[in-house]
Amino acid sequence: MTLTHPAYGQLRQVTPTAAVLLADNPGQMTLDGTNTWILRAPGRSDCVVVDPGPKDKAHSAKIAEVTGGEIALTLITHRHHDHTGGIDHLVKMTGTPVRAKDTGFLRGSDAPPLVDGEVIEAAGLRLTVVATPGHTGDSTSFLLDDAVLTGDTILGSGTTVLDSSDGTLADYLASLDRLVEIGAGKALLPAHGPDHPDLAPVARYYITHRQERLDQVREALRVLGPKASAMAVVRRVYADVDKRLWLAARSSVQAQLEYLRAEG
Ligand SMILES: [Zn+2]
């Protein structure tokens, strides 16, 4: 079977255990849409779902269909709606328990919040919970034997925007270092955009990109003065970027300014 790209509504096998179902919610922040990951150990009928995706009954129904409803556990990478909006439809259709760092997304009677370093055994799989804050405070990655599910911490294309409400650049850079460390030789399974065979070079590229942006912001502050607003910095640093992306860029620049101002 040949899959068109983007392959909405079609389950695409990526690694021996991981398959992806792309939600039909394309946009500037979601790229082609949200990737719902379905993890199944060889020979098992039950599975683990990572990110139910947006509030979209058709997408939830598709997840229920391709899993046969046998979802041992659903995991959440972070709080944003395009990852969590579909929780309640999926729970209603399949009864899956749901675990997340944020207690507001827990479903099922025995579903404690995720803890950094915890090893989860479900549906014949072993996943290690890796706290990777920065995109948001609750951003979590999941480590498998041969792959890492990175949520929005590392995307399949483009770069990650930091949520100014609780995403910090200091956290984010530390998370990228951690992903370089654990990701060597493991597939990158992001929440948006295409997968990659090796996470480490992508994580290293992200670090380089952030350092370059920091240098540009430092340079802008030398010209605009140390108290320049985030938007003034955006107009200078992102002059060559589509203006529709400036609001999102402001959020990242805000995080960069906080990082640089904390550095002193
Ligand atoms: Zn997000």
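Fair warning: this is a prediction, and the values are worked out from it, not measured in the lab. Note that the numbering runs from 1 along the sequence shown for the chain. Both counts, for ligands and for their atoms, begin at 1 and track the order of listing.
- If you look at H80 and ask which of its N, O or S atoms sits nearest the Zn ion (ligand 1), the answer is ND1.
- Backbone or side-chain N, O or S atoms of H83 do not reach the Zn ion (ligand 1) at under 2.8 Å.
- Nearest approach of W246 to D242, heavy atoms of both residues: CD1-O, 3.7 Å.
- The ring of H89 has its center no closer than 6.0 angstrom to the ring center of H59.
- Salt bridge absent: D152 and R79 never bring a charged side-chain N and a carboxylate O closer than 4.0 Å.
- The N, O or S atom of H135 with the smallest distance to the Zn ion (ligand 1) is NE2.
- A salt bridge is defined here as a Lys NZ or Arg NE, NH1 or NH2 lying under 4.0 Å from an Asp or Glu carboxylate O, and K101 with D116 fails to meet this definition.
- At least one N, O or S atom of D152 sits under 2.8 Å from the Zn ion (ligand 1).
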